[in-house]
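A short write-up of the structure that comes next.
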Amino acid sequence: MNATSPSSSSDQLRSDPRFDEGVQLFNSEQWYAAHDVFEDLWHETADPERRVLQGLIQVAVAHVHLERGNTKGATILLGEGLGRLKGTSLPDFGLDLDHLRSTLHSRLTALQQGLDPASYPVPVLLDQQ
C-alpha cells in the first residue's frame, strides 16, 4: 500500500520540473537519461523519498544493462530496485507504484527463469487513477 498523503518533501519533489522530466524519459525508455535526472534529484533528497528515487534509478540502470545484453547485471539491479520500491509507508509521488511493482516483478521473474523479459510489458510510471 502506498502512502496516501504525501509529505511536504514529496510534494516539493513532485513539483520539481526535473521529476516530470525523469518520468517522461523513463516512460519513453530513455533509461540512461532518466537515470541521470533521477540521480540528480536523489543527491538532493532524504529518506523516504530518496529510497523511492534510488529504486527508480536502479530499475532504469537495469534496463540499460538489458539493452547491452548484460542479463546478470539487469537481474541484480531489477531485484534491488524492486526491493527498494516495496514498503507500506513509502511516498508514491502520485504514481501508481503498485502497477510498477507488478510489471517489475514479471520482468524479474522472467530474467530469473532465463526467459526473455521483452515478452513482458516494459515498466512505466503511471499517475494514480
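Note that the coordinates shown come from a computational prediction; the quantities given were computed from them, not determined experimentally.
Interatomic distance, CG of Leu66 versus CZ of Arg107, reported as 6.0 Å (0.5 Å rounding). Distance check, rounded to the nearest 0.5 Å: CG of Leu25 to NE2 of His35 gives 12.5 Å. Between the CG atom in Asp92 and the CG atom in Leu100 there is a gap of 11.5 Å [rounded to 0.5 Å]. Considering OG of Ser106 and CG of Leu115, their distance stands at 11.5 Å, rounded to 0.5 Å. Phe38 contributes atom CZ, which lies 5.0 Å from atom CG of Leu56 (distance to the nearest 0.5 angstrom). The line from CG of Leu126 to CG of Asn27 is 7.0 Å long, rounded to the nearest 0.5 Å.
Note on Leu53 and Val61: same hydrophobic cluster, where clusters join Ile, Leu, Val, Met, Phe, Trp and Tyr whose side-chain heavy atoms are under 4.5 Å apart, directly or indirectly. Linking Ile, Leu, Val, Met, Phe, Trp and Tyr residues whenever their side-chain heavy atoms come within less than 4.5 Å places Leu104 and Val122 in a single cluster. Residues Leu108 and Val64 are members of one and the same hydrophobic cluster, defined by side-chain heavy-atom contacts under 4.5 angstrom among Ile, Leu, Val, Met, Phe, Trp and Tyr.
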Step-by-step side-chain contact (heavy atoms from CB on, under 4.5 Å) determination, Trp42 to Ile57: CA-CA 9 Å; Trp42 177 78; Ile57 291 165; 3.7 Å; yes
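Residues in residues 96-129 take part in no ring pair (Phe, Tyr, Trp, His ring centres under 6.0 Å) pair, two or more places apart or across chains. Counting only residues at least two apart or on different chains, the salt bridge (charged side-chain N to carboxylate O under 4.0 Å, His left out) pairs with a member in residues 110-129 are Arg14-Asp127. For residues 49-76, every residue pair satisfying the ring pair (Phe, Tyr, Trp, His ring centres under 6.0 Å) rule, not counting sequence neighbours, is listed here: Trp31-His63.
For Ser28, the side-chain hydrogen bond (donor to acceptor under 3.5 Å, both in side chains) test picks out Gln30, with sequence neighbours left out.
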Just distance, no hydrogens or angles: give the donor-acceptor pairs under 3.5 Å from side chains in residues 73-86, sequence neighbours left out.
unit_1: Thr75; atom_1: OG1; unit_2: Thr71; atom_2: O; d: 2.7
unit_1: Glu80; atom_1: OE1; unit_2: Gln58; atom_2: NE2; d: 3.1
unit_1: Arg84; atom_1: NE; unit_2: Gln54; atom_2: OE1; d: 3.1
unit_1: Arg84; atom_1: NH1; unit_2: Gln58; atom_2: OE1; d: 3.0

Can you give each donor-acceptor pair under 3.5 Å made by side-chain atoms of residues 17-24, sequence neighbours left out, with the distance rounded to 0.1 Å?
unit_1: Arg18; atom_1: NE; unit_2: Asp16; atom_2: OD1; d: 3.1
unit_1: Arg18; atom_1: NE; unit_2: Asp16; atom_2: OD2; d: 3.3
unit_1: Arg18; atom_1: NH1; unit_2: Glu44; atom_2: OE2; d: 3.0
unit_1: Arg18; atom_1: NH2; unit_2: Asp16; atom_2: OD2; d: 2.8
unit_1: Arg18; atom_1: NH2; unit_2: Glu44; atom_2: OE1; d: 2.7

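Proximity of a side-chain donor or acceptor of Thr45 to a complementary backbone N or O of Leu41 within less than 3.5 Å is detected.
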